[in-house]
Number of protein chains: 2
Amino acid sequence: MDRSSPVPLYFQLSQQLEAAIEKGRLAPGSLLGNEIDLAGRLGLSRPTVRQAIQSLVDKGLLVRRRGVGTQVVHSQVKRPLELSSLYDDLEAAGQRPATRVLHNAVEPASAEVAAALGIAEGADVHRVERLRLAHDEPMAYLCNHLPVGLLAPETARLEATGLYRLMRAAGTTLHSARQTVGARAAAPQEAELLAEPEGAPLLTMARTTFDDTGRAVEFGSHIYRASRYSFEFQLLVRP
Amino acid sequence: MDRSSPVPLYFQLSQQLEAAIEKGRLAPGSLLGNEIDLAGRLGLSRPTVRQAIQSLVDKGLLVRRRGVGTQVVHSQVKRPLELSSLYDDLEAAGQRPATRVLHNAVEPASAEVAAALGIAEGADVHRVERLRLAHDEPMAYLCNHLPVGLLAPETARLEATGLYRLMRAAGTTLHSARQTVGARAAAPQEAELLAEPEGAPLLTMARTTFDDTGRAVEFGSHIYRASRYSFEFQLLVRP
DNA sequence: TAGTGGTCTAGACCACTTA
DNA sequence: AAGTGGTCTAGACCACTAC
């Protein structure tokens, strides 16, 4: 514990515990020892220790049972995914992602877009259409709508990185997203764009993203080649 | 505040605040008033009030800003979905779900199943195959694997309700699930089972569910008619 | 400068689990 | 009966924001 550090004590402790769990120094299923002793040994108060433990419980690394103790979770559940960014996913997989911007302009919002973003129908929005490629093969067709004022998406930047990275760089704190995932057969236009045969199965996703104040900051309708892509994500049960 | 109630004070307060937000008595964007005053008015200590507020921040209903105050989030983000149960989803939508159990036996685990459940290859697992119908039309084909010892899935019960409800009733606390969602064209057998034309787009999902100790309690591979079903869910960004 | 949330302490009593 | 986490109190000082 470093009391001169600006890092909060509870956070220092939770990081140390997390590292110990990750490196196996705290075995799955093992007991952590009671909070009072732990606080005494570390020279901290019990609430501070509890705050550290609670943050790891929230992350799914520890389980507390009254009358029993605090245990390390058995199989380490992988961490909940970030809000998945196709660009980042592809880059992480070493797939050399590239983007071709097909459209980028300010337009009046349609009824569907206005409803998703919580703005007035006909209000200005940026509409961006992109084709996402990996190894020079098309992977997905992405159509996004952004309320004006948050980010002016420049075509050159959109071709160099993902939309979420641009939004974060512009100061938006992404908080959550609501998604609908479905599938359908490729229409002729879609098939040509994605180099799939007509009628091929496509994965569809519609997503509205919210910042930490609950404002919708982006609405997208995307189409993925089912032969090349699938979604992986983690759901948590509300406690 | 009812101090004689077994319901914790912080929980009573968070429920009242949540109700006030939901009913619009606390308008989006409005400030909550500082914690010290609030504690004084309610006859509570500040940590207790903070605990109530923090739980709503975690739920995404409030935002705290140091030096500013605590505000109600602008657009009420819908609550994160429960671990979606197809049965419950259909029932909630008034679709009269029904289940036909096609298979229900204990078998040795294949390599894929063993890896997903974190058990030894060849160990005993229950394998359950079900056809899920709504309004007497097939909706999905569900294949699940459960480690033995947690739940003995009886065919009669499986036809009357959903698997998750049975697991909860058997004392399992579901905590999280890791899912992969994709799409593919229907093979001849699948097409016949689901009353779709051959080659029709199908939505696929593979899911491993974990309890609160991190143990895998279920692995399923499911196929849905894309024409009849899509997934809706919410992702949260790790803070 | 005033007001806010962020962190921290040193106690206290209770409910639950296990033996 | 002993030990655990769950809840709660009444203070304290600090960092940040806005005016």
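Below, chain A is the first sequence line, B the second, and so on; all start at residue 1.
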Taking side-chain contact (heavy atoms from CB on, under 4.5 Å) as the definition, give me every residue that meets it alongside [X], ordered by chain and number, with sequence neighbours left out.
{"X": "B/Asp124", "value": "B/Val106, B/Val148"}
{"X": "B/Leu31", "value": "B/Gln71"}
{"X": "B/Ser110", "value": "B/Glu112, B/Val113"}
{"X": "A/Val72", "value": "A/Ile21, A/Leu26, A/Ser30, A/Leu62"}

> Which residues pass the side-chain hydrogen bond (donor to acceptor under 3.5 Å, both in side chains) test with B/Arg165, sequence neighbours left out?
Replying inline: B/Asp88, B/Glu91
>> Run the side-chain hydrogen bond (donor to acceptor under 3.5 Å, both in side chains) test against B/Asn144 and tell me which residues pass, sequence neighbours left out.
In response: B/Arg130, B/Glu218, B/His222
>> With a 4.0 Å cut-off on N to O distance, would you call A/Lys23 and A/Glu18 a salt bridge?
In response: no
> How would you give the extent of chain A contacts on DNA chain D, as first and last nucleotide 5' to 3' within a 4.0 Å heavy-atom cut-off?
Replying inline: D/dG3 to D/dT7
> In whole angstroms, how far is the P atom of C/dG3 from the CG atom of B/Leu31?
Replying inline: 15 Å
> Between A/Phe11 and A/Val68, who's closer to the 5' end of DNA chain C by nearest nucleotide?
Replying inline: A/Phe11
> salt bridge (charged side-chain N to carboxylate O under 4.0 Å, His left out) with B/Glu107: which residues, sequence neighbours excluded?
Replying inline: B/Arg127
> For DNA chain D, which residues in residues 32-51 of chain A have a heavy atom at a distance below 4.0 Å?
Replying inline: A/Gly33, A/Asn34, A/Glu35, A/Arg46, A/Arg50
